[in-house]
J.: 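Here it is, the structure in full.
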Amino acid sequence: MEEINSDSEKPSVLAVSMTRDFIALGTSDGYKIFSLNPIKLIKEKSFGHAICQIGFYSSDKIIWFVGEGELPDPTEREFVFWDNHNDEQLFKIMQKTDIKRVCVKQQNIIVALVGKVYVYSLPISSNMVSK
């Protein structure tokens, strides 16, 4: 068994997502992406605030997340689709209330708020993912 985040000085883990080949950790300071074979940190991004939800869309290239904490960017009301290889935002969905849960499947984004659920069509093309 290997420990991924053993140093208590490092940011706290708030969210975990996993594919067959990668693990994403939303932390109190940003996010970390690890490969699984071998277990190795391959990307770390600090935003200076927490990421409370995180997930993958395309291996480790495209990820999504929701922020949290004091003065976060994105906030708890913003869902961000992020190009992890180029460190750039692809698009953002903003809500009037806090996002409680997000699910991204194929070409749909499901965003759950308190008392409401929205389903969006994914506004990116497959060639953006495979670049």
J.: Shortest non-hydrogen contact from Gly55 to Ser17?
T.: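 Closest approach of Gly55 to Ser17: CA-OG, 3.5 Å.
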
J.: Taking side-chain hydrogen bond (donor to acceptor under 3.5 Å, both in side chains) as the test, write out the residues that go with Thr19, two or more places apart.
T.: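 Residues passing side-chain hydrogen bond (donor to acceptor under 3.5 Å, both in side chains) with Thr19: none at all.
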
J.: Trp64: what forms a side-chain hydrogen bond (donor to acceptor under 3.5 Å, both in side chains) with it, not counting sequence neighbours?
T.: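 Per chain and number, Trp64 pairs via side-chain hydrogen bond (donor to acceptor under 3.5 Å, both in side chains) with no residue.
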
J.: With Asn86, which residues qualify under side chain to side chain contact (heavy atoms under 4.5 Å, CB included), at least two apart?
T.: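 Partners of Asn86 under the side chain to side chain contact (heavy atoms under 4.5 Å, CB included) test: Lys61, Asp83, Glu88.
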
J.: Report yes or no: does Ser28 contribute a side-chain atom to a donor-acceptor pair with the main-chain N or O of Ser12 at less than 3.5 Å?
T.: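 Present.
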
J.: For Val117, what are the other residues in its hydrophobic cluster, where any two members join if their side-chain heavy atoms are less than 4.5 angstrom apart?
T.: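 Under the 4.5 Å side-chain rule, Val117 groups with Ile110, Val119.
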
J.: About how many Å separate OG of Ser35 and CG of Asp21, when rounded to the nearest 0.5 Å?
T.: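 Nearest 0.5 Å value for the CG-OG distance: 9.0 Å.
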
J.: With sequence neighbours excluded, tell me which residues meet side chain to side chain contact (heavy atoms under 4.5 Å, CB included) with Lys100.
T.: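 Listed in chain order: Asp98, Val114.
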
J.: List in chain and number order the residues that pass salt bridge (charged side-chain N to carboxylate O under 4.0 Å, His left out) with Lys40, two or more places apart in sequence or in another chain; answer none if no residue qualifies.
T.: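 Salt bridge (charged side-chain N to carboxylate O under 4.0 Å, His left out) check on Lys40 returns nothing, list empty.
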
J.: Not counting sequence neighbours, list each pair that qualifies as a salt bridge (charged side-chain N to carboxylate O under 4.0 Å, His left out) and has a residue in residues 41-55.
T.: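 Only Lys32-Glu44, Lys43-Asp87 qualify under salt bridge (charged side-chain N to carboxylate O under 4.0 Å, His left out).
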
J.: Check for a donor-acceptor pair, side chain of Arg101 on one end and backbone N or O of Ala112 on the other, with a separation under 3.5 Å.
T.: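 Side chain of Arg101 to backbone of Ala112, a donor-acceptor pair under 3.5 Å: no, none is there.
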
J.: Give the C-alpha distance, both sets of side-chain angles, the deciding distance and a yes or no for side-chain contact (heavy atoms from CB on, under 4.5 Å) between Leu90 and Ile62.
T.: CA-CA 9 Å; Leu90 297 174; Ile62 307 293; 3.4 Å; yes

J.: Looking at Ile99 and Gln53, what are the two nearest heavy atoms and their distance?
T.: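 Smallest interatomic distance, heavy atoms only, reads O-NE2, 3.5 Å.
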
J.: Looking at Asn84 and Asp60, would you say the former's side chain and the latter's main chain have a donor-acceptor pair under 3.5 Å?
T.: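 Yes, Asn84 side chain to Asp60 backbone: donor-acceptor pair under 3.5 Å.
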
J.: Nearest 0.5 Å, please: how far is CD1 in Ile51 from CG in Leu25?
T.: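 CD1 of Ile51 is found 12.0 Å from CG of Leu25.
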
J.: Between Val104 and Leu113, is there shared hydrophobic-cluster membership here, with clusters defined by ILVMFWY side-chain heavy atoms closer than 4.5 Å?
T.: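 The answer is yes; both residues are in one hydrophobic cluster.
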
J.: Hey, what do you get for CZ (Phe65) to CG (Leu14), rounding to the nearest 0.5 Å?
T.: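 Those atoms lie 13.5 Å apart.
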
J.: Which residues satisfy the side-chain hydrogen bond (donor to acceptor under 3.5 Å, both in side chains) test with Tyr120, sequence neighbours excluded?
T.: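 Tyr120 satisfies side-chain hydrogen bond (donor to acceptor under 3.5 Å, both in side chains) with Gln95 once adjacent residues are dropped.
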
J.: Specify the closest pair of heavy atoms between Ile109 and Phe91, including all atoms of both residues, with the distance to one decimal.
T.: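 Looking at all heavy atoms of both residues, the closest pair is CD1-CZ, 3.7 Å.
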
J.: Which heavy atom in Cys52 sits nearest to a heavy atom in Ala15, and how many Å separate them?
T.: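 Closest heavy-atom pair between Cys52 and Ala15: O-CB, 3.3 Å.
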
J.: Would a line drawn from the ring center of Tyr57 to the ring center of Phe81 be shorter than 6.0 Å?
T.: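 Between Tyr57 and Phe81, the centre distance is under 6.0 Å.
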
J.: Just how far is it from atom CE of Met94 to atom NZ of Lys96, taken to the nearest 0.5 Å?
T.: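 The CE atom of Met94 sits 11.5 Å away from the NZ atom of Lys96.
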
J.: Using side-chain contact (heavy atoms from CB on, under 4.5 Å) as the criterion, point out the one residue from Ile63, Leu36, Ile33 that pairs with Phe22.
T.: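 Result for side-chain contact (heavy atoms from CB on, under 4.5 Å) with Phe22: Ile33.
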
